[in-house]
Amino acid sequence: MYEFDYTRPSSVADAAKARGDDSSYLAGGMTLLPTLKQRLARPDKLVDLSGLAELKGISVAGGTLTIGAMTCHADVANSADVKKAIPALAVLASGIGDPQVRNRGTIGGSIANADPSADYPAAVVALNATIHTNKRQLAGEQFFKGLFETALEPGEIVVKVSFPIPKRAGYCKFPNPASRYAVVGVMVADTASGVRVGVTGAGPCAFRAKDMEAALAKNFSADAIANVAMPAKGLNTDLHATAEYRAHLVGVMAKRAIAAALG
Amino acid sequence: MAKVSITVNGKPQSAEVEPRTLLVEFLRYKLNLTGTHVGCDTSQCGACTVHLDGKPVKSCTMLAVQAEGRNVTTIEGVATGDQLHPVQAAFRECHGLQCGFCTPGMVMSALGIIERHKGGAIDEKTVRHELEGNICRCTGYQGIVNAVLLAAKNMGLKVA
């Protein structure tokens with residue numbers, strides 16, 4: 001790693017102030033620290049968000065589940081509130097990385113990083129979540145803009161993510177056998193605003209599969225999407241899978257997610 | 001440089017470190033606690049697993065300064081004097097190691113698994129799933145899985 005300064009502020013306002021043009025926020029560090037170790041980034045300062053009490057905790061109120069940005073995956077996976085309100089979200093969190101990673105990695109870090117293969121983006125899109133930052137609120141669907149690119153402005157901090165509780169939802173991914181990242185992951189949610197299908201791993205960033213949503217709105221069953229093809233155009237090709245294979249996996253994972261939602 | 005104070009295996013420890021010093025470097029080079037190993041150095045193999053406030057984490061993917069004021073337990077803090085911890089004893093009993101390089105991390109992860117299921121039941125599938133963060137290149141895992149199940153049983157868990 002190159003040298004850097006380190007600070008751990010105790011309020012969001014101080015954190016925003018502490019950040020300079022070339023510094024980075026540090027959440028759980030599960031992506032940032034490996035990136036620094038490989039010298040793929042050279043921030044002059046890390047602003048550690050772990051001292052911010054406002055970014056912690058899980059609560060349910062008025063049909064909404066709210067998760068603080070610095071809540072680690074293990075806490076989401078094991079939370080009685082999450083298991084009761086949105087069990088699919090607990091399932092999703094329990095499949096990220098491995099136990100050690102789940103004890104450090106955070107929901108805020110995951111979505112701010114916007115890795116195309118991260119799990120949480122599928123839920124943010126499918127559940128129509130709201131991202132609360134220190135400056136504004138962003139609709140989940142508008143949050144992811146491209147490969148490792150979000151609507152966040154430089155210096156903006158994700159404070160919490162709120163998920164409207166759906167009638168039912170399911171998540172299924174085809175994990176990379178080594179890293180457990182989603183080669184493709186699909187969340188299917190039957191929500192107050194209709195059926196929504198969030199796809200991660202397949203494209204540059206999470207997106208909705210609207211043809212599947214239309215079919216599921218009429219008939220919420222795996223059979224309903226049997227003939228709904230996902231076009232391979234624009235999907236990712238890398239050493240793990242071709243765009244065509246990913247397109248195929250979207251259908252397979254969606255069917256399993258529907259089965260889980262109906263389970 | 002930054003001053004860092006961490007309680008390691010119950011003992012308060014302080015040192016001046018660079019902010020980029022990893023927790024595992026602090027443990028190995030500042031405290032000479034060389035039981036915590038660096039295998040892959042890319043947060044995959046789990047040989048560097050220690051407990052942070054009782055929970056397994058990979059110390060190669062954490063800065064020492066991030067552990068400021070926290071409690072860290074390493075493999076050196078597991079036994080009581082010459083008395084092996086039941087998890088260590090089970091690894092010996094079940095041949096849960098060959099070269100031994102991954103073993104400190106395996107034991108720390110096994111302790112985490114048993115802690116998470118304390119007072120309940122555990123089966124082989126769960127053990128295998130929860131050992132996903134640790135890689136062994138010798139054993140084929142069978143002895144390790146057997147060791148975790150034996151330790152769980154000896155520590156009062158129901159083994160299905």
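Predicted model, so just to flag it, every value in this text is computed and none were measured. Letters A, B, ... mirror the listed sequences (proteins, then strands); counts begin at 1.
Each of B:Thr36, B:Val8, B:Leu33 was evaluated against B:Val50; a single residue qualifies, B:Thr36, per the side chain to side chain contact (heavy atoms under 4.5 Å, CB included) test.
For chain A, the option among B:Ser43, B:Gly112, B:Cys60 with the highest count of heavy-atom pairs below 4.5 Å is B:Cys60. Chain A forms the most heavy-atom pairs under 4.5 Å with one residue out of B:Asp41, B:Val65, B:Thr49, and that residue is B:Val65.
Evaluation of the ring-ring contact (aromatic ring centres under 6.0 Å, His included) test over residues 78-122 of chain A, restricted to residues two or more places apart or in two chains, returns A:His73-A:Tyr120. Residue pairs meeting the side chain to side chain donor-acceptor pair (under 3.5 Å) criterion with at least one member in residues 2-13 of chain B, sequence neighbours excluded: B:Ser5-B:Ser14, B:Asn9-B:Thr74.
Of the two parts of A:Leu26, only the side chain, counted from C-beta on, holds a non-hydrogen atom closer than 4.5 Å to a non-hydrogen atom of chain B. When heavy atoms are compared at a cutoff of 4.5 Å, B:Leu131 does not approach chain A at all. Neither the backbone nor the side chain of A:Thr35 comes within contact range of chain B; no heavy atoms are under 4.5 Å apart. There is no contact between A:Leu32 and chain B, counting heavy-atom distances below 4.5 Å. The parts of B:Leu63 that come within reach of chain A are both its backbone and its side chain, each placing non-hydrogen atoms under 4.5 angstrom from that chain. Neither the backbone nor the side chain of B:Met108 comes within less than 4.5 Å of any heavy atom in chain A. Interface residue B:Glu130: backbone and side-chain heavy atoms are both found under 4.5 Å from chain A. Contacts between B:Thr61 and chain A at a heavy-atom distance below 4.5 Å involve backbone atoms as well as side-chain atoms.
Between A:Lys56 and A:Asp75, none of the side-chain N atoms (NZ, or NE/NH1/NH2) sits under 4.0 Å from a carboxylate O, so this pair counts as no salt bridge.
Under the 3.5 Å distance criterion, the side-chain polar atoms of B:Lys55 are left unmatched by any main-chain donor or acceptor of A:Ala74.
Side-chain polar atoms of A:Gln100 and B:Ser109 form a donor-acceptor pair below 3.5 angstrom. Side chains of A:Asp81 and A:Ser79: a donor-acceptor N/O pair is absent below 3.5 angstrom, by distance only.
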